[in-house]
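Below, chains carry the letters A, B, ... as their sequence lines are ordered, and counting in each starts from 1.
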There are 4 protein chains.
Amino acid sequence: MIKQINTATGRPRSIEADQAILRATLDLLAEVGYQSISIEAIAARAGVGKTTIYRRYTSKEEIVADAIESLREDLPIPNTGNFWEDVDILTDYAAQKIDSPLGRQTLALIISTASSNPQFAQVYKTKYLKLRREAFTQVLERAKSRGEIEKDADIDLIIDILSGAIYYAVVFKPVTESIQVYIRRTMRVLFQGVSTS
Amino acid sequence: MIKQINTATGRPRSIEADQAILRATLDLLAEVGYQSISIEAIAARAGVGKTTIYRRYTSKEEIVADAIESLREDLPIPNTGNFWEDVDILTDYAAQKIDSPLGRQTLALIISTASSNPQFAQVYKTKYLKLRREAFTQVLERAKSRGEIEKDADIDLIIDILSGAIYYAVVFKPVTESIQVYIRRTMRVLFQGVSTS
Amino acid sequence: MIKQINTATGRPRSIEADQAILRATLDLLAEVGYQSISIEAIAARAGVGKTTIYRRYTSKEEIVADAIESLREDLPIPNTGNFWEDVDILTDYAAQKIDSPLGRQTLALIISTASSNPQFAQVYKTKYLKLRREAFTQVLERAKSRGEIEKDADIDLIIDILSGAIYYAVVFKPVTESIQVYIRRTMRVLFQGVSTS
Amino acid sequence: MIKQINTATGRPRSIEADQAILRATLDLLAEVGYQSISIEAIAARAGVGKTTIYRRYTSKEEIVADAIESLREDLPIPNTGNFWEDVDILTDYAAQKIDSPLGRQTLALIISTASSNPQFAQVYKTKYLKLRREAFTQVLERAKSRGEIEKDADIDLIIDILSGAIYYAVVFKPVTESIQVYIRRTMRVLFQGVSTS
DNA sequence: TGCTAATCGAGACGGTACGTCAAGTCTTAAG
DNA sequence: CTTAAGACTTGACGTACCGTCTCGATTAGCA
């Protein structure tokens with residue numbers, strides 16, 4: 001994310017500044033929300049000059065994306081030998097992130113930003129979603145190789161559909177049932193279909 | 001949407017101004033995108049004072065929502081006797097709306113606003129989505145009664161999943177294939193499933 | 001000096017703002033000096049937005065020039081019947097203007113701007129200096145007709161020399177003696193000369 | 001001018017850097033003018049780090065003064081035995097420097113800078129004017145000892161008046177007659193006076 | 001010959017001010 | 001009353017330089 005053309009000469013970038021910027025960004029995100037964040041406010045809060053930020057990032061989206069990425073945790077890829085068990089573990093993990101007021105808000109913020117800001121969407125996709133997709137892809141590939149799902153199934157499409165269902169629920173479904181249950185119902189449709197054939 | 005406290009006295013609101021504002025907004029939406037639209041630009045383009053806009057709307061979202069609503073048309077419910085043909089007609093119609101810069105902008109705006117504004121989400125759902133959902137519901141119910149899809153299939157869920165897939169694509173998928181093709185692929189998975197059972 | 005393209009439409013320029021800007025500029029001139037004045041500081045001090053200033057002026061020089069011009073007063077031409085008394089009145093008046101921090105700042109600014117800007121020099125000469133020259137010219141002419149100075153004396157040259165001496169002192173002489181005394185010493189040389197002939 | 005606390009140990013100052021700084025400063029002076037010169041630009045043009053400049057100078061004025069001083073030439077002090085002949089030689093020399101577009105511009109630049117910048121004024125006075133004043137002082141002292149001018153004549157004042165007249169002409173007089181003629185006319189007034197006594 | 005110490009270029013640092021843009025409000029004359 | 005025009009205050013934008021600082025890499029003279 002960060003511009004890095006450094007050729008070993010000159011004073012090196014300050015790691016304290018790096019961290020102060022991310023810290024301030026996260027604080028402000030929680031306090032005033034993405035729309036109302038200003039780069040000036042981040043600089044002031046971080047105790048850093050504006051140039052120090054502009055040297056690292058070119059837009060607010062980049063800063064926020066980097067701040068979010070800095071929270072990323074390792075995502076263990078389940079491998080129980082059974083497809084549905086693997087899926088349960090993954091969806092439990094995802095649901096647990098979303099199924100809280102803060103989780104919903106965060107995701108809503110991301111969707112809001114991404115939908116009105118293609119650059120942020122791409123950054124978020126490659127920086128944050130990639131890992132999750134890879135985990136899911138591996139679980140699905142293993143199921144495929146075990147013969148549990150069809151050989152020509154479009155794994156990317158399946159993940160897209162599932163992701164879409166989750167995001168749609170966060171935005172448009174009132175909070176009646178747990179996300180987890182909703183995801184399971186969706187998965188069942190995806191795998192068994194609804195036609196009578 | 002428009003504030004209407006007019007009490008019949010004084011000079012009446014100018015209908016030319018109304019239309020010029022909506023026209024200018026749609027033009028600018030297509031040209032520069034939602035984020036980059038400024039109310040000042042709308043006023044200038046419409047040949048209208050800023051006051052004239054602020055007297056009618058309180059935010060950019062409102063103006064844009066009104067501009068978009070002004071484009072709404074009636075939605076015929078297909079009934080060919082064959083499920084896939086009906087689906088084709090519906091998705092063709094939806095795809096045709098989305099598959100243009102303005103269409104994508106519009107949907108993105110709606111998702112953005114809805115995700116950070118639950119009230120708007122509900123209003124949009126009942127005011128704009130209801131018609132489309134009813135059309136789809138009727139097509140699916142007829143298919144069910146013809147025995148083309150399973151009796152206990154959750155129709156609401158299917159529509160949710162399909163909607164989610166479309167919204168997800170608009171936000172996160174680069175514009176490579178046509179939306180129409182993408183919707184068809186999604187429908188196929190939804191109806192046939194991917195498991196080998 | 002002020003940009004004036006006003007075409008009678010729209011809200012008229014605020015006279016309060018005009019005056020607040022000039023007032024703040026003069027205050028800051030006296031407090032921090034020309035070099036250290038920032039437009040931001042003028043705006044803050046005047047309780048006015050920066051745009052309100054930029055709508056009126058295009059540079060710091062313009063603002064300061066206008067502020068100074070706003071101080072211009074009428075200049076009475078002395079006529080005591082005695083040359084040296086008249087001269088005393090005129091030089092007292094001039095010295096009184098220069099012998100203060102603001103006065104020196106002002107004159108220094110004018111010299112600075114004029115020396116790097118011939119147009120400003122001419123404008124200043126015709127708009128501001130003319131009155132003073134005319135006063136001095138009249139006093140000298142009367143002295144000539146009374147036979148106090150030589151018939152073929154070059155009055156313009158005398159004024160030039162005196163002006164030059166004052167300006168030179170403002171720029172290069174440290175503030176040791178009062179300007180008034182310095183002017184008197186200069187006048188004595190000018191009128192009596194230094195040769196032994 | 002240059003700070004020199006060097007105690008023989010460590011790497012000595014680079015003479016190439018010294019010269020590159022002066023060279024770059026003179027180039028930029030001619031290209032963009034004093035006001036628009038930035039130390040960063042000098043450093044870049046000279047191919048030198050900013051530290052290397054700040055180690056030598058403490059302000060832009062100092063650098064520019066030093067750059068100008070580096071152009072200084074020797075000034076021969078005339079001694080013909082006749083006062084007016086000596087004066088002619090000195091004023092010819094001065095006029096010759098000023099009586100060209102470049103000469104006028106340079107002097108205007110100096111006046112402009114000096115008048116809005118007392119530090120520069122003092123530096124310029126001691127570094128550049130001193131020699132010229134000394135030459136003139138000597139010529140006047142010799143005339144005094146020969147009895148050509150009065151014993152109690154204030155030589156410093158005479159030089160101030162003459163300098164002021166020249167500077168005033170450069171700034172405010174249109175370029176009609178040659179500087180040389182103007183200086184001679186001024187000298188005549190200074191030595192013979194204008195009173196009829 | 002290796003040590004010490006000041007220099008070099010490069011460039012990042014926290015700041016200040018720049019001049020521009022748009023926000024939403026207010027004020028005029030004209031209809 | 002509303003209208004178009006254009007003023008107003010506010011606040012953030014991204015840029016340019018300021019003068020200071022930290023790097024790794026040179027260069028001398030002294031040991």
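A close approach under 4.0 Å does not occur between any side-chain nitrogen or oxygen of R55(D) and OP1 or OP2 of dG19(F). For R56(C), a side-chain nitrogen or oxygen approaches OP1 or OP2 of dC8(F) to under 4.0 Å. Listed pair R11(A) / dA12(E) fails the phosphate criterion, with no side-chain N or O lying under 4.0 Å from OP1 or OP2. Between dA7(F) and T52(C), no contact under 4.0 Å exists linking OP1 or OP2 to a side-chain N or O. The shortest distance between the side-chain N/O atoms of T9(C) and the OP1/OP2 oxygens of dG6(F) is below 4.0 Å.
Formation of a donor-acceptor pair under 3.5 Å by the E69(B) side chain with backbone atoms of A65(B) is not found in this model. Judged by distance alone, with hydrogens and angles left aside, the side-chain atoms of S115(A) form a donor-acceptor pair with the main-chain N or O of I111(A) at under 3.5 Å. With K60(C) contributing its side chain and I37(C) its backbone, the two residues share a donor-acceptor pair below 3.5 Å.
What separates CD of E16(D) from P of dT7(E) is a distance of 15 Å, to the nearest Å. Protein atom CD1 of I15(C) is 20 Å distant from nucleotide atom P of dC26(E), rounded to whole Å. We find that CG of L28(D) is positioned 11 Å from P of dC17(F), with the value rounded to whole Å. One can place CD1 of I21(B) at 8 Å from P of dA4(F), the figure rounded to the nearest angstrom. If you take CZ of R45(B) and P of dA5(F), they are 15 Å apart, rounded to a whole angstrom. Here dG19(F) presents its C1' atom at 17 Å from OH of Y57(D), a figure rounded to the nearest Å. In this structure, I53(B) places its CD1 atom 15 Å from C1' of dT2(F), rounding to the nearest Å. Atom-to-atom, CD1 of I42(B) to P of dG24(E) comes out at 11 Å; the value is rounded to the nearest Å.
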Quiz item: In the 5'-to-3' direction, what one-character label does each nucleotide of nucleotides 17-23 of chain E receive under the scheme B = base within less than 4.0 Å of a protein heavy atom, S = sugar-phosphate only, - = no such atom?
Solution: BBBBBBS
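Note on E31(A) versus R45(A): salt bridge recorded, some NZ/NE/NH1/NH2 to OD/OE distance being below 4.0 Å. Salt bridge status for D18(A) with R56(A): present, with a side-chain N to carboxylate O gap under 4.0 Å.
If you find the closest nucleotide of DNA chain F to S14(B) and to A46(C), the one lying nearer the 5' end belongs to S14(B).
In this view, K50(D) and E40(D) satisfy the side-chain hydrogen bond (donor to acceptor under 3.5 Å, both in side chains) rule, not counting sequence neighbours.
Y34(D) pairs in a side chain to side chain contact (heavy atoms under 4.5 Å, CB included) with only one of the listed residues (L28(D), V64(D), T25(D)), which is V64(D).
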